[in-house]
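Position 1 is the first residue of the sequence; numbering continues from there. All ligand and atom numbering here is 1-based and tracks the order in the structure.
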Amino acid sequence: MPEVDLFIDLDAIAANYTRLRAEADGRRVAAVVKADAYGLGAGPVGRRLQAAGCADFFVARLAEGLALRRHLPQARIVVLEGPVQGEVADFVAGSLVPALNTPGQVTLWSEAGRGLERPLPAALHLDTGMCRLGLSRAEVAALDAARLRGIDVTLVMSHLACADEADHELNARQLARFTEMSGSLPAVLRSFANSSGIFLGSDYHFDLLRPGAALYGINPTPGRPNPMLPVVRIQAPVLQVHRLDAPGTVGYGAVHATCSGSRIATVGVGYADGYMRGAGAGGVAMIAGREVPIVGRISMDLMTLDVTALDEHEVDIGTPVELLTAPGGIDRVAEAAGTIGYELLTRLGQRFRRVYRGSTGA
Ligand SMILES: Cc1ncc(COP(=O)(O)O)c(C=O)c1O
């Protein structure tokens with residue numbers, strides 16, 4: 001079985017970072033690199049972004065923070081899920097900044113700071129309407145100086161629930177709540193906008209922007225042209241070409257009928273690689289710069305393409321096939337599968353050989 005490559009363009013990620021910084025009028029822009037930088041490799045992605053000027057990184061979990069610390073000894077790394085009992089020592093040893101989401105986490109961190117006799121940096125995460133993680137309005141109101149003793153509040157943050165729907169009324173409500181709730185807190189920086197939030201306008205920007213998806217080429221402005229550069233590309237060789245001399249069907253369930261004279265090319269990428277089964281119908285691959293339809297059901301390791309429209313000599317065993325690069329990119333593939341680019345990216349499998357392109361930032 002030949003290798004299937006997942007090309008990751010680090011220079012495109014860096015260019016996307018610069019583009020977002022311009023959109024934010026030069027304000028400080030962090031990078032969200034949780035879930036292994038949305039599946040693309042937090043180490044290489046983090047180092048490249050650091051070389052592009054990024055100093056602040058967000059991960060979801062302690063283990064992700066500790067792993068990233070090995071690649072980025074100097075960066076500020078915020079861990080969104082914050083500490084639970086028993087994790088404090090690892091947070092401190094890794095110089096990780098927890099997002100404190102509950103009064104219990106505030107107490108835990110305050111006790112740790114007092115115990116060490118030095119204030120420990122932390123982010124306060126406010127729930128402004130998403131009801132997922134974060135302190136409520138009443139919990140914030142109860143945060144007096146005594147409760148915050150031992151904590152150096154370096155960041156106050158909240159997260160938008162509907163930033164990708166620019167007209168959603170919750171955006172303005174969350175903005176008003178964030179402005180009001182954060183106003184009463186001591187903080188050096190305020191952080192509110194994710195990728196789509198950056199495109200809601202400067203009212204949403206505050207001091208530190210927090211994009212993930214847009215860095216990796218996902219469209220932060222759904223329904224409008226994608227302002228970001230594409231970052232990922234799958235390249236796999238054709239494994240076999242069937243030249244049909246009678247009508248037949250293709251693949252599991254025999255759901256796709258072919259006519260005599262059709263040519264079907266088989267490629268070694270399937271749903272076990274993260275290319276979702278639902279992305280088959282209506283999906284396309286690229287061969288020599290031309291779109292070819294995916295036909296039949298995507299199976300675990302394989303997919304099939306109707307290459308009848310291409311010349312015989314253009315498609316044979318070994319011909320390179322590209323996935324995710326047709327107009328619309330990852331977002332289009334994800335939509336065909338009834339999901340979003342985020343889910344597609346984070347599921348792209350471990351069977352691919354990840355090939356990094358561009359400067360490594362090392
Ligand atoms: C708290 C928080 N901030 C920022 C982000 C980055 O969001 P996006 O990838 O939409 O830019 C996420 C991602 O889900 C998040 O959970």
With respect to Ala213, determine whether any N or O atom, backbone or side chain, lies less than 3.5 Å from an N or O atom of ligand 1.
yes

The single option from Asn101, Val153, Leu155 passing side-chain contact (heavy atoms from CB on, under 4.5 Å) against Leu124:
Val153

Could you tell me if any non-hydrogen atom of Arg132 lies under 4.0 Å from any atom of ligand 1?
yes

Side-chain donor-acceptor pair present, Gln235, Arg233, cut-off under 3.5 Å
yes

Assign the ring pair Tyr204 / Phe192 to parallel, tilted or perpendicular, where the plane angle (0 to 90°) is split at 30° and 60°.
parallel

Compute whether any side-chain donor of one residue and acceptor of the other, for Arg263 and Thr308, lie under 3.5 angstrom apart.
no

Partner of Asp56 under salt bridge (charged side-chain N to carboxylate O under 4.0 Å, His left out), chosen from Arg28, Arg210, Arg27
Arg28

Would Arg76 pass as a cation-pi partner of Phe57, given that its NZ or CZ must be under 6.0 Å from the six-membered ring centre and within 45 degrees of the axis?
no

Protein residue, atom and distance nearest to atom 13 (C) of ligand 1, heavy-atom basis:
Lys34 NZ, 3.1 Å

Looking only at protein heavy atoms, which one is nearest to atom 10 (O) of ligand 1, and what is the separation?
Tyr342 OH, 2.5 Å

Measure Arg210 to ligand 1 on non-hydrogen atoms and call it side chain, backbone, both or neither using the 4.0 Å cut-off.
both

How far is atom 9 (O) of ligand 1 from its nearest protein heavy atom, and which residue and atom name does that atom have?
Tyr38 OH, 2.5 Å

What's the shortest heavy-atom distance between Ala30 and Pro211, and which atoms?
O-CD, 3.2 Å

For residues Phe206 and Phe178, establish whether the separation of their ring centroids is below 6.0 Å.
yes

Heavy-atom distances under 4.0 Å decide this one: backbone, side chain, both or neither, for Met130 against ligand 1?
neither

In this structure, atom 7 (O) of ligand 1 is nearest to the protein heavy atom Asn194 CB, 3.4 Å

I'd like to check which ligand 1 atoms, numbered from 1 as shown, lie under 4.0 Å from a non-hydrogen atom of Pro211.
11 (O)

Could you check which of His125, Glu81, His159 puts a non-hydrogen atom nearest to atom 15 (C) of ligand 1?
His159

Nearest-option assignment for atom 11 (O) of ligand 1, heavy atoms, candidates Ser195, Pro220, Ser196
Ser195

Below the 3.5 angstrom mark, is there an N/O of Val32, backbone or side chain, next to an N/O of ligand 1?
no

